[in-house]
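Below is one structure, written out as structure tokens; comments come after it.
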Amino acid sequence: MSVVTRFAPSPTGYLHIGGARTALYSWLHAKASGGPGDGRFVLRIEDTDRERSTDEAVQAILDAMAWLDLEHDGEIYYQTRRFDRYADVIDRLIDEGKAYRCYSSAEEVEAMREAARAKGEKPKYDGTWRPMPGKTLPEPPAGVDPVIRFATPLDGHTVIHDLVKGDITISNTELDDLVIARADGTPTYNFCVVVDDMDMGITHVIRGDDHVNNTPRQINILKALVGDDGDLPVYAHVPMILGPDGKRLSKRHGAVGVMRYREEGYLPEALLNYLVRLGWAHGDQEIFTREQMLEHFDIENVQGGASTFDPDKLLWVNQEHLKMAAPQDLVGELRWHLARLGIDGVDDARLTEIAAIQKGRCKTVREMAEQSLFVFQSVTEYEPKAVKKHIKTATPDLIAQVRDSLAALDDWNGEAASAVVKQVATDNEVGMGKVAQPIRIAVTGGPVSPSIDDTLALLGREETLTRLDAAVSEFAALKG
RNA sequence: GCUCCCUUCGUCUAGCGGUCCAGGACGCCGCCCUCUCAAGGCGGAAACACGAGUUCGAUUCUCGUAGGGAGCGCCA
């Protein structure tokens with residue numbers, strides 16, 4: 001049987017790191033099992049809460065999924081477009097006596113819960129309106145729209161055969177008769193999920209473990225629909241991701257949107273790599289390409305306990321991916337970051353050249369873009385601290401010597417340029433640092449840039465000579 | 001309060017009864033390399049929550065305790 005998984009976010013905000021990992025695990029499980037492309041990965045938008053769902057949030061989630069390249073199969077489902085279907089199923093359950101109308105007010109239900117709590121029990125609805133053999137129901141109050149409640153089995157227990165947690169058994173007496181349709185007729189989450197997963201042929205439900213307590217309710221509803229012997233999906237509840245404070249990472253608790261990581265210069269494959277390793281391992285391997293994840297990922301090896309998000313390690317993973325990326329594969333993100341810094345219209349070849357030189361020395365693409373600005377912007381001022389440290393009285397003369405030798409070069413390339421710098425250092429019996437650092441400051445304005453040969457190669461002869469000339473007079477004036 | 005889940009270095013983890021005075025990685029601390037920043041090389045500190053069992057033998061199995069997480073909505 002082919003695997004079908006789904007990712008089912010509610011569009012009440014951006015896609016955050018925990019959601020991204022759940023999506024990744026679901027995607028991997030569908031795509032990794034049974035060979036490439038065998039399984040299906042469905043995207044479903046759970047927007048039944050019309051108060052909080054927004055189109056902007058839907059778009060934000062779609063954008064993040066696209067950036068991460070977690071492609072879904074087939075159409076995107078929206079629960080709000082399936083209300084007719086839910087209504088049909090609810091009618092059927094009522095007809096079959098598996099659900100009933102409840103006229104208790106919200107205040108009354110709250111009082112029931114309080115009463116249960118006072119007795120040291122779990123807060124529950126007390127079943128006032130539940131039809132029972134030999135029981136006389138109260139007269140429905142006039143002018144009150146009822147909610148529909150599901151008649152949960154009164155005894156027995158429900159077992160979840162969870163792929164990551166193992167078997168979980170919950171007594172049905174822990175469960176109460178949950179509302180499956182609100183007074184205004186709209187269906188609720190626990191109900192829609194069941195109908196959807198059934199209709200969409202979902203074989204594996206992979207979701208956060210904040211849902212484990214809902215699962216028995218959902219299983220009971222599903223059994224009411226398909227019978228005790230009907231097919232149930234396989235569940236896999238993945239643990240939460242905790243913030244540095246040990247609290248669950250959530251939108252209102254320190255979690256930021258996935259796209260924020262793009263802004264900070266992370267590569268999507270690096271973020272995915274970090275996320276896949278958070279709670280899962282394949283021996284000692286730390287760095288995974290997308291292909292390697294697909295090859296090795298196994299949902300059953302996912303850790304049972306929550307894990308803490310570590311920004312430092314993410315940064316390292318990103319750096320590793322930067323190092324191993326082909327320069328041309330970095331062009332897209334580099335262009336995006338440069339654009340944010342006001343640099344547009346640079347051609348691919350140039351960006352590839354820059355990426356090739358910078359990728360080994362940056363932790364993020366954002367840093368790469370920032371550190372490459374000197375290529376596009378002429379030097380308008382020299383960093384005072386750097387000048388103070390590296391520009392001495394003899395410096396203008398040294399730079400002038402380098403400048404003249406460079407001007408005389410037949411071929412302009414990094415190797416030849418750095419040979420010139422070395423020669424000048426040797427001729428004047430000073431260390432490389434005495435020449436290279438001033439040159440660096442002269443052509444970039446600051447003390448940090450790629451190696452001198454790469455820096456000059458990137459700049460080109462004309463630009464290098466122009467900047468050196470400017471620096472010679474500038475530094476001479478400074479020290480004169 | 002009740003229910004469920006979890007527990008190896010600060011963090012992510014390997015370990016699936018003896019191979020473990022516990023391995024890797026991030027971070028941290030030294031040293032080396034060096035034209036800056038990185039990278040790289042070498043070395044170091046750092047953990048099986050606790051208590052009972054089971055067993056010839058427990059990090060590994062069972063049960064308690066403690067700690068942590070989640071849930072208990074006409075939210076998803």
Side-chain angles (χ1 to χ4, degrees), chain A residues 8-12 46-49 51-53 79 102 105-106 109-110 113 116-125 145-149 160 162 164-166 168-171 173-176 178-184 186 188-190 192-193 208-216 237 239-240 242 244 246-248 274 277-287 303-317 319 323 358 360-363 367 371 386 390 418 421-422 425 431-441 444 446-453 455:
Chain A
S10 62
T12 55
E46 310 221 319
D47 52 356
T48 53
D49 183 350
E51 300 279 301
R52 300 197 298 152
S53 299
Q79 292 187 321
C102 164
S105 68
V109 174
E110 186 47 44
R113 286 199 251 269
R117 221 187 289 263
K119 282 196 291 183
E121 290 169 7
K122 204 167 190 167
K124 293 197 294 190
Y125 169 71
D145 290 325
V147 299
I148 309 299
R149 287 184 186 272
I160 310 167
D162 196 281
V164 341
K165 308 245 184 203
I168 300 171
T169 305
I170 294 179
S171 169
T173 56
E174 290 298 322
L175 279 20
D176 65 356
L178 70 158
V179 171
I180 58 176
R182 303 179 179 95
D184 66 4
T186 57
T188 61
Y189 165 77
N190 278 111
C192 297
V193 167
D209 73 2
D210 48 338
H211 289 282
V212 281
N213 293 285
N214 286 326
T215 306
H237 288 96
M240 301 281 90
L242 275 22
K247 294 285 181 219
R248 172 191 167 177
Y274 176 74
R277 273 289 284 107
L278 195 61
W280 173 81
H282 177 253
D284 284 340
Q285 188 172 352
E286 296 286 352
I287 300 300
Q303 203 81 8
S307 39
T308 308
F309 185 80
D310 180 4
D312 286 333
K313 183 144 185 187
L314 205 213
L315 198 56
W316 175 79
V317 171
Q319 186 172 19
K323 279 195 282 193
Q358 294 283 34
R361 53 196 315 118
C362 301
K363 287 178 159 46
E367 181 189 348
Q371 293 299 324
H390 296 287
S418 80
V421 176
K422 279 200 185 82
M432 263 296 271
K434 288 278 189 293
V435 186
Q437 269 313 78
I439 295 288
R440 172 170 285 116
I441 295 164
T444 71
V448 177
S449 84
S451 66
I452 280 299
D453 41 347
T455 300

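Just the heavy atoms: all of them, side chains too, but no hydrogens, waters or symmetry mates, feed the values below. Just so it is clear, the model here is predicted, and its values are computed rather than measured. To find a chain, count down the sequence lines: A is the first, B the second, and so on, and within it residues start at 1.
Whole-Å rounding puts the A:Asp162 CG to B:C4 P distance at 15 Å. Between A:Ile168 atom CD1 and B:U3 atom C1' the separation is 12 Å, expressed in whole Å. Distance CG (A:Asp453) to P (B:U34): 16 Å, rounded to an integer number of Å.
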For this session: Take nucleotides 67-73 of chain B nucleotide by nucleotide from the 5' end and write B, S or -, depending on whether a protein heavy atom sits under 4.0 Å from the base, only from the sugar-phosphate, or from neither.
Result: --SBBBS

For this session: At under 4.0 Å between heavy atoms, which parts of nucleotides 22-32 of chain B does protein reach? Answer with one letter per nucleotide, 5' to 3': B base, S sugar-phosphate only, - none.
Result: -BBBB------

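When both distances must be under 3.5 Å, the Watson-Crick or G-U wobble mate of B:U34 does not exist. Remark: B:G10 base-pairs with B:C26. Criterion, Watson-Crick or G-U wobble with two distances under 3.5 Å. Across the strands present, B:C4 finds its partner in B:G69; the criterion is a Watson-Crick or G-U wobble pair with both atom distances under 3.5 angstrom. B:A46 is unpaired under the Watson-Crick or G-U wobble criterion, no partner having all donor-acceptor distances under 3.5 Å. Across all strands shown, B:C16 forms no Watson-Crick or G-U wobble pair with both distances under 3.5 Å. Pairing for B:C63 goes to B:G51, judged as Watson-Crick or G-U wobble with the two contacts each under 3.5 Å. Applying the Watson-Crick and G-U wobble criteria (two distances, each under 3.5 Å), B:A39 pairs with nothing in any strand.
A:Ala281 comes within contact range of the sugar-phosphate backbone alone, with a heavy-atom separation under 4.0 Å but no base atom that close. Heavy atoms of A:Thr186 sit nowhere under 4.0 angstrom from any nucleic acid atom. Residue contacts for A:Gly431: at a heavy-atom cut-off of 4.0 Å it reaches no nucleic acid atom on any strand shown. A:Thr308 comes within contact range of the sugar-phosphate backbone alone, with a heavy-atom separation under 4.0 Å but no base atom that close. A:Ser451 comes within contact range of at least one nucleobase, with a heavy-atom separation under 4.0 Å.
Both A:Ile452 and A:Tyr274 sit near RNA chain B, but only A:Tyr274 has its closest nucleotide nearer the 5' end. Taking the nucleotide of RNA chain B with the nearest heavy atom to each of A:Pro9 and A:Gly120, the more 5' of the two is matched to A:Gly120.
Checking A:Thr455 against A:Ser449 by side-chain atom types alone, a donor-acceptor pair falls below 3.5 Å. There is no side-chain donor-acceptor pair under 3.5 Å between A:Thr188 and A:Asn190.
Using P as the reference atom, B:C12 and B:U19 are 26 Å apart when rounded to the nearest Å. B:U8 sits 12 Å from B:C20 when the C1' atoms are compared, rounded to a whole Å.
Under the rule for a salt bridge (charged side-chain N to carboxylate O under 4.0 Å, His left out), the partners of A:Asp210 that lie at least two apart in sequence or sit in another chain are A:Arg248.
With B:C37, B:C74, B:C35 as the candidates, the nucleotide lying closest to the side chain of A:Met432 is B:C35. Listed nucleotides: B:U36, B:C35, B:C12. Nearest to the side chain of A:Val448: B:U36.
Between A:Tyr274 and A:Phe309, the ring planes are perpendicular. Angles over 60° get that label, and only those under 30° would be called parallel.
Phosphate contact (OP1/OP2 of B:A14, side-chain N/O of A:Gln303, threshold under 4.0 Å): present. Between A:Ser418 and B:C35, a side-chain N or O to OP1/OP2 separation shorter than 4.0 Å is absent. An OP1 or OP2 oxygen of B:U3 is reached within less than 4.0 angstrom by no side-chain nitrogen or oxygen of A:Ser171. Phosphate proximity of B:G40 to A:Lys323: present, with a side-chain N or O under 4.0 Å from OP1 or OP2. Dashed line: the shortest gap from a side-chain N or O of A:Ser307 to OP1 or OP2 of B:U13 is under 4.0 Å.
Inter-residue side-chain proximity for A:Thr48 and A:Thr186 is flagged as unmet; no heavy-atom pair is nearer than 4.5 Å.
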Problem set entry | Chi angles and distances behind the side chain to side chain contact (heavy atoms under 4.5 Å, CB included) call for A:Ser10, A:Tyr189 | CA-CA 10 Å; A:Ser10 62; A:Tyr189 165 77; over 6 Å; no

